[in-house]
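Presented below is the structure to which this report refers.
Ligands are counted one by one from 1 in listed order, and the atoms in each one are counted from 1 as well.
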Amino acid sequence: MATKIDVPGVALITGAASGIGRATAIAFAQAGCTKFALLDLNEGGLQETKGLVEQSVSATDISVGTYKCDVSSPESVVSAYTAAKEHFTRVDYSVHCAGIIVFGGPSADFPVEDFDRQNSINYRGLWLCCREAIKIMRSQPFDCEAYPDANISSVRAQRGAIVNISSGLALYAQPNCPAYCGAKAGVLALTRCDALDYVADRIRVNAILPGIIDSPMTNPSPEIRAWLESNPVQHTPMKRFGKPEEIADVAVFLAGNKASLVTGASWAVDGGLLAGYN
Ligand code: NAD
């Protein structure tokens, strides 16, 4: 049984059609949230996630809105966040999972188009989402006022919380993906800046650094998955893939009021990968 979140607020999740984003939506539902804004480019995947969220709990009052959104487009991001705010009146938790990885080679061989595409989704796109989330959160009442039944103390109350999905590759390098590593490092810097700038508004902003997670991103083909499992995964202290749910559970914790003193932090969730090469 998942740990209950103190405030069953509105959870907005990008990249919700697959992998970590999908698991995060389900984890928020199991934690007690009933209102969801799920964003992704992939509409079919969003519908699947909606069905899984609805089936994952016995609550009958679950409300899931799906929004086709390309996080690389400012217009698309503004439109999706505006629609979610209009429908649900507020956004308590915004978890940014949308991302891609392109192995384009080392820098001298790396096509500019691939560099720009990764940045436009993994870094600039995530920033666009943070920006809209912050605009909504800073103008909404504290959760202790919006959800009086949750009995949140004024010290631990928040207007909202953001969780950005970065990567262990923000802090260590892997061959042939300079744009991905750079974008994910940018996410950590951005997380710290937003945490600082909006601390007085009581908006917390944190990042998660997943290790090697068993999701569609790491399964482009059976050969690549097998290679990952018998090579880099074996060098992690736990010697296993992480599960999307293991990232999702930390995202729920960081978003909720139990993490009320945590902001600007980068949490490694990686089976010990950053602790040392095994
Ligand atoms: P995934 O491929 O299963 O999910 C990524 C989701 O992002 C997909 O649903 C996809 O449609 C969506 N997406 C891609 N481009 C988009 C766009 N322009 N606009 C909106 N949505 C878009 O991968 P995942 O493993 O669940 O990855 C989730 C996040 O975790 C990513 O940011 C990824 O970089 C990060 N991450 C993953 C791993 C891993 O090992 N899987 C490790 C570290 C970090």
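- Between D214, L39, D40, N42, it is D40 that holds the heavy atom closest to atom 10 (C) of ligand 1.
- For P216 against S18, the heavy-atom pair with the smallest separation is CG-OG, 3.2 Å.
- Counted by atom type alone, N119 and R124 present zero donor-acceptor pairs between their side chains at under 3.5 Å.
- For the 3.5 Å distance criterion, the side chains of E43 and T66 fail to qualify, holding no donor opposite an acceptor.
- Nearest protein heavy-atom contact of atom 27 (O) of ligand 1 is M217 CE, 3.9 Å.
- Nearest approach of I213 to P210, heavy atoms of both residues: CG1-CB, 3.8 Å.
- The proximity of R22 to ligand 1, defined as any non-hydrogen pair under 4.0 Å, does not occur for either the backbone or the side chain.
- When every heavy atom of C33 is checked against every heavy atom of I62, the shortest pair comes out as O-CD1, 4.1 Å.
- Using modelled atom types and a 3.5 Å distance limit, the side chains of R159 and Q140 yield no donor-acceptor pair.
- Side-chain contact annotation: T191 with N164, donor-acceptor N/O pair under 3.5 Å present.
- The closest approach between any non-hydrogen atom of I101 and ligand 1 is not below 4.0 Å.
- Contacts with ligand 1 closer than 4.0 Å are made by no heavy atom of L169, backbone or side chain.
- Side chain to side chain, Y147 and D92 meet the donor-acceptor criterion of an N or O pair below 3.5 Å.
- In the hydrophobic clustering of this structure, F115 does not group with L190; members are Ile, Leu, Val, Met, Phe, Trp, Tyr whose side-chain heavy atoms approach within less than 4.5 Å, directly or through other members.
- Annotation: A16 places no N or O atom under 3.5 Å from an N or O atom of ligand 1; distance criterion only.
- Looking only at protein heavy atoms, the nearest one to atom 28 (C) of ligand 1 is C97 O, 3.1 Å.
- Ring geometry for F253 against W267 counts as tilted: the plane angle lies between 30° and 60°, on a 0 to 90° scale.
- Taking distance alone, with nitrogen or oxygen atoms compared against 3.5 Å, T218 stays at or beyond that limit from ligand 1.
- Residue-to-ligand polar distances place V71 within reach of ligand 1: an N/O pair is separated by less than 3.5 Å.
- Heavy-atom minimum distance, C181 versus L169: CB-O, 3.4 Å.
- When non-hydrogen atoms are compared, ligand 1 lies under 4.0 Å from the backbone of S166 (N, CA, C, O) but not from its side chain.
- For atom 15 (N) of ligand 1, the closest heavy atom belonging to the protein is I100 CG2, 3.8 Å.
- With atom 14 (C) of ligand 1 as the reference point, the heavy atom nearest to it among G99, G15, S18 is part of G99.
- Applying the 4.0 Å criterion to heavy atoms of C69 picks out, from ligand 1, the atoms 19 (N), 20 (C).
- For F36 and F28, the ring centers sit 6.0 Å or farther from each other.
- Residue, atom and distance of the protein heavy atom nearest to atom 16 (C) of ligand 1 are L41 CD1, 3.9 Å.
- Across every non-hydrogen atom of L12 and A84, the tightest pair is CD1-CB, 4.1 Å.
- Between S72 and ligand 1, a contact under 3.5 Å exists for no N or O pair.
- Counting heavy atoms closer than 4.0 Å to ligand 1, residue D70 contributes atoms from both its backbone and its side chain.
- Of the protein's non-hydrogen atoms, A98 CB, 3.8 Å is the one closest to atom 22 (C) of ligand 1.
- Put simply, CD1 on I121 and CG on L41 are 7.0 Å apart, with the number rounded to the nearest 0.5 Å.
- Atom 40 (O) of ligand 1 has as its closest protein heavy atom I213 N, 2.8 Å.
- Taking a 4.0 Å cut-off on heavy atoms, Y180 registers as neighbouring ligand 1.
- Ligand 1 is never approached by G125 to a heavy-atom distance shorter than 4.0 Å.
- In terms of N/O distances under 3.5 Å, ligand 1 is approached by K184.
- Looking only at heavy atoms of the protein, atom 42 (C) of ligand 1 is closest to G211 O, 3.0 Å.
- At a heavy-atom cutoff of 4.0 Å, ligand 1 is contacted by the side chain of S215 but not by its backbone.
- Contacts between I212 and ligand 1 below 4.0 angstrom, taking non-hydrogen atoms only, involve the backbone exclusively.
- Here the heavy atom of the protein found nearest to atom 30 (O) of ligand 1 is I165 CG2, 3.3 Å.
- Polar contact with ligand 1: absent for I121 (N/O pair, distance under 3.5 Å).
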